[in-house]
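Remarks on the structure that follows.
The sequence lines fix the lettering, A, B, ..., with proteins before strands; numbering per chain opens at 1. Atom set for the values below is all heavy atoms of this structure, side chains included, hydrogens, waters and symmetry mates excluded.
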Amino acid sequence: MRLSHHFGKTLRQVPAEAETPSHQLLLRAGLVQQLAAGIYSYLPLGWRVLRKIEQIIREEMDAAGGEELMLPALHPIEIWDASGRLPLFGETVFTLSDRRQRGLVLGPTHEEIIADLFKRHVQSYRDLPLMPYQIQVKFRDEARPRGGLIRVREFTMKDLYSFDVDEEGLDESCQKMIRAYKNIFDRCGLPTIVVEADSGAIGGKDSWEFVFPCDSGEDEAVICSACDYAANAEKAEFSKPAVPQDPPQPLEEVSTPGIKAIDDLCAFLGIAPWQTLKAVFYAADGQPAFVAIRGDMEVNETKLRNALGAVDLHMMDNIELEQAGLVAGYASPVGLKRVKVVADDAVPCSPNLVGGANKPDAHQRNLNYDRDWTAEIVTDIALAREGDACPRCGSPLTIRRVIEMGHVFKLGTLYSEKLDATFLDRDGVAKPVVMGSYGIGTGRLLAAILEASHDEQGIIWPPQLAPYDTHLVALSVDRPDVVQASERLYEELQQTGISVLYDDREESPGVKFNDADLLGMPLRLTVSPRTLEKESVELKRRSEKESTLVALSEAVARLQELLKQS
RNA sequence: CGGGGUGUAGCUCAGCCAGGUUAGAGCGCGUGGUUUGGGACCACGAGGUCGGCGGUUCAAAUCCGCCCACCCCGACCA
């Protein structure tokens with residue numbers, strides 16, 4: 001491609017809206033153009049890279065037994081009503097209606113559609129397992145798009161769905177996908193880690209995320225500093241510090257005028273946070289819930305939401321508290337009625353805690369679980385924090401910002417039961433098919449690659465993803481000998497299958513070199529009067545500082561050799 | 001949805017506080033010329049509903065109100 005006819009130009013200055021490195025590079029190099037919040041056009045260079053990413057994904061999916069197909073983006077709303085998932089997605093689903101006022105959904109994901117397809121085409125266990133996949137656009141009205149391509153509202157995604165006869169088959173399919181994902185991220189040159197994850201609105205039992213640690217990430221992962229434990233912050237567990245198992249002491253009320261927060265309470269009574277019981281009121285789908293956790297921990301709202309089986313969950317505000325007749329700051333689980341009580345699993349084994357007395361300006365000492373109160377639900381609802389102990393090995397956990405690039409879900413029979421996607425098994429009994437779902441966001445992957453591979457000057461494309469193999473720079477294009485040599489190289493390189501971005505513009509050397517660095521092709525060839533004096537051309541790798549002179553007659557062969565190596 | 005911020009040329013920004021000719025600069029763009037190995041120089045030129053609507057005023061980019069868009073943090077999020 002000739003730069004003189006290339007659509008998309010480089011920017012010297014960084015647009016004000018871009019803060020993260022990948023966002024800045026996307027705009028400065030002319031890879032994408034924003035149309036609205038979270039909605040982007042891909043310009044030719046960005047599109048070429050995206051297609052290369054997709055190709056790598058295709059190859060690995062096919063190698064793992066996948067088969068590509070194409071599903072609609074526009075879905076009748078009835079299929080979403082049938083799965084009951086609309087409320088889970090809530091406002092993130094784009095909905096519209098057609099001319100006859102029939103409801104439609106711009107698909108945010110395709111489990112419903114693929115399950116429906118399965119139902120119509122598969123009847124027997126003999127047809128299983130199946131692994132269809134699609135690479136196509138999906139829509140989610142995210143509350144806050146961010147970071148360029150990190151989180152957008154219209155995005156391209158690869159989703160593969162596995163259909164198996166049983167859990168064992170699902171395990172196998174899932175392992176295949178995990179291997180394929182590792183290959184994909186390796187081939188993209190991206191160091192990723194696999195973390196245990198919460199499955200969120202997609203549902204199902206087990207799920208793992210493939211994440212790339214990076215300060216611009218939209219997500220947080222908890223990673224052990226010693227062993228290989230890693231989990232999404234929503235899911236992360238930790239080993240909770242044990243406390244002395246003193247014998248229960250008698251309940252005792254203490255006056256604590258104006259003391260509400262745990263810190264104040266500890267200072268006032270001269271005790272440590274782990275000796276207190278923190279009470280938080282939540283509204284779970286409109287129902288009040290009393291949440292009890294030891295004062296040295298915080299509530300993980302995802303865990304709590306899962307424990308309560310709630311869709312909407314938020315801390316109750318003062319108005320809601322008043323309406324429910326509850327007192328914030330001095331709440332106690334003792335004698336509480338008509339309110340569901342949830343306790344963190346560290347609470348029952350922590351004796352003699354200090355908690356509220358259910359009246360203003362007073363607390364109770366020596367609260368003991370079982371003796372004084374019980375909870376409907378006792379489970380882990382604590383948030384893992386930096387420095388907490390790893391649940392596997394006890395070493396300190398670290399928290400890192402990450403970009404979530406891929407997510408695999410063991411769905412089980414969640415969708416097949418709701419949508420009646422069954423097969424006839426060997427024993428002649430109709431059974432719901434066991435599903436898995438495996439997604440990769442391609443645009444996000446592109447952003448992650450930019451985050452991982454750039455310097456002050458610009459992009460350094462991994463050779464396998466670069467939009468072009470080589471950047472050919474002609475200096476002094478008013479000189480016929482330069483033009484002639486450059487044009488010949490341009491032709492010869494392309495004839496041998498090497499893709500070339502050819503800077504044939506009338507620009508100064510500085511402009512051309514800076515653009516070449518910004519655009520980041522792996523190899524740069526420079527033709528100038530100076531090199532032609534020596535019947536040669538200058539060759540430089542983007543990743544290195546030094547350049548070498550290569551005889552004109554050997555340039556094509558030399559490039560072929562270099563590209564073969566990479 | 002809560003908090004913070006920004007909207008003036010394709011990009012970066014000044015002007016606004018303290019209203020007053022024809023709204024500026026740099027980069028980019030066009031034409032001509034001089035340059036030619038790391039974002040050159042000279043001259044001329046094109047390019048603006050000052051985010052929108054309404055109000056105050058003799059007069060609004062500037063003051064007031066409402067709205068919209070975009071960015072950042074949080075909530076949310078396969």
Side-chain angles (χ1 to χ4, degrees), chain A residues 8-20 23-24 27-28 30 33-39 85 88-93 107-111 138-148 150-153 155 157-161 197-204 207-211 216 218-220 232-234 301-302 305 311-315 317 401 404-409 411 436-441 444 457-458 473-479 482 505-518 524 526-533 538 540 545 547 549:
Chain A
K9 63 187 299 176
T10 55
L11 296 177
R12 276 193 203 193
Q13 275 153 321
V14 182
E17 73 220 42
E19 290 198 356
T20 61
H23 194 186
Q24 295 183 349
L27 297 178
R28 280 225 296 141
Q33 175 70 51
Q34 177 170 334
L35 179 64
I39 304 177
R85 257 213 302 181
L88 293 174
F89 277 99
E91 290 185 307
T92 44
V93 177
T109 178
H110 286 78
E111 281 84 7
K138 314 208 176 191
F139 301 87
R140 285 183 201 171
D141 194 1
E142 296 288 355
R144 185 155 91 81
R146 71 164 97 185
I150 302 282
R151 184 184 303 161
V152 291
R153 298 194 292 170
F155 56 99
M157 213 166 165
K158 184 284 303 176
D159 256 332
L160 182 143
Y161 304 94
D198 182 75
S199 51
I202 296 293
S207 112
W208 294 270
E209 286 175 3
F210 286 74
V211 301
S216 316
E218 86 295 357
D219 214 350
E220 272 185 353
N232 185 297
E234 295 177 339
E301 295 192 358
T302 301
R305 180 180 293 111
V311 174
D312 177 64
L313 182 80
H314 63 268
M315 275 176 77
D317 59 30
R401 204 108 188 152
E404 174 192 347
M405 290 177 306
H407 205 151
V408 309
F409 299 88
L411 299 174
S437 137
Y438 317 83
I440 292 180
R444 193 179 266 188
Q457 269 54 250
V473 177
L475 298 183
S476 306
V477 291
D478 55 339
R479 293 261 307 244
V482 169
R505 298 173 302 169
E506 290 180 41
E507 288 288 354
S508 68
V511 169
K512 294 192 172 197
F513 287 140
N514 277 295
D515 274 348
D517 287 345
L518 174 59
R524 188 184 80 189
T526 306
V527 177
S528 74
R530 193 189 286 181
T531 66
L532 289 184
E533 268 176 30
E538 181 195 270
K540 180 182 170 298
K545 277 213 162 77
S547 60
L549 279 182

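- Taking atom CG on A:Leu35 and atom P on B:rG10, their separation rounds to 16 Å, with Å as the unit.
- OP1 or OP2 of B:rC71 has at least one side-chain nitrogen or oxygen of A:Gln34 nearer than 4.0 Å.
- Residue contacts shown for A:Arg505 are absent, as no nucleic acid heavy atom lies under 4.0 Å away.
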Where do N or O atoms of nucleotides 24-26 of chain B meet protein N or O atoms at under 3.5 Å, pair by pair?
unit_1: B:rG26; atom_1: N2; unit_2: A:Gln13; atom_2: OE1; d: 3.0

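- Distance, A:Lys512 NZ to B:rA40 C1': 14 Å, rounded to whole Å.
- Side-chain contact of A:Asp198 with A:Thr302: a donor-acceptor pair under 3.5 Å is absent, judged by distance alone.
- Taking only side-chain nitrogens and oxygens, A:Arg12 comes nearer than 4.0 Å to OP1 or OP2 of B:rG28.
- Map A:Glu220 and A:Glu404 each onto its nearest nucleotide of RNA chain B; the residue landing nearer the 5' end is A:Glu220.
- With sequence neighbours excluded, the residues forming a salt bridge (Lys or Arg N to Asp or Glu O under 4.0 Å) with A:Arg444 are A:Glu218, listed by chain and number.
- In this structure, A:Asp219 places its CG atom 11 Å from P of B:rG74, rounding to the nearest Å.
- When heavy atoms are screened at a 4.0 angstrom cut-off, A:Asp478 is found touching base atoms of the nucleic acid.
- Distance A:Leu518 CG to B:rC27 P: 19 Å, rounded to the nearest Å.
- Residue A:Ala36 is in sugar-phosphate contact alone, with no base atom involved, counting any heavy-atom pair closer than 4.0 Å across all strands shown.
- Nucleic acid contact class of A:Thr92 (heavy atoms, under 4.0 Å, all strands): none.
- Using a 4.0 Å heavy-atom cutoff across all strands shown, A:Ala37 reaches sugar-phosphate atoms only and no base atom.
- Side-chain contact between A:Lys512 and A:Leu475: present, with at least one pair of heavy atoms (C-beta onward) separated by less than 4.5 Å.
- Nearer to the 5' terminus of RNA chain B, by closest-nucleotide assignment, is the contact made by A:Leu475 (compared with the other of A:Leu475 and A:Glu209).
- Across all strands, A:Arg151 comes closer than 4.0 Å to base atoms (heavy-atom distances).
- On a pure distance criterion of 3.5 Å, no polar donor-acceptor pair joins the side chain of A:Arg144 and the base of B:rG3.
- For B:rG39, its base never sits under 3.5 Å from the side chain of A:Ser508 at any donor and acceptor pair.
- Put simply, A:Ser476 has no side-chain N or O that comes within less than 4.0 Å of OP1 or OP2 on B:rU36.
- The pairing partner recorded for B:rG28 is none, the criterion being a Watson-Crick or G-U wobble arrangement whose two distances lie under 3.5 angstrom.
- For A:Arg479, the salt bridge (Lys or Arg N to Asp or Glu O under 4.0 Å) criterion is met by A:Asp481, not counting sequence neighbours.
- Distances shorter than 4.0 Å separate some side-chain N or O of A:Arg146 from OP1 or OP2 on B:rG74.
- A:Val473 comes within contact range of no nucleotide atom at all, as no heavy-atom separation falls under 4.0 Å.
- For a distance-only test at 3.5 Å, the side chain of A:Glu507 fails to qualify as a donor-acceptor partner of the base of B:rG39.
- The shortest distance between side-chain heavy atoms of A:Val511 and A:Glu506 does not fall below 4.5 Å.
- Within 4.0 Å (heavy atoms only), A:Gly147 reaches sugar-phosphate atoms of the nucleic acid but no base atom.
- In this entry B:rC70 has B:rG5 as its Watson-Crick or G-U wobble partner, both defining distances falling under 3.5 Å.
- The 12-atom threshold is exceeded at CD of A:Glu17, counting heavy atoms of other residues, nucleotides or ligands nearer than 6.0 Å.
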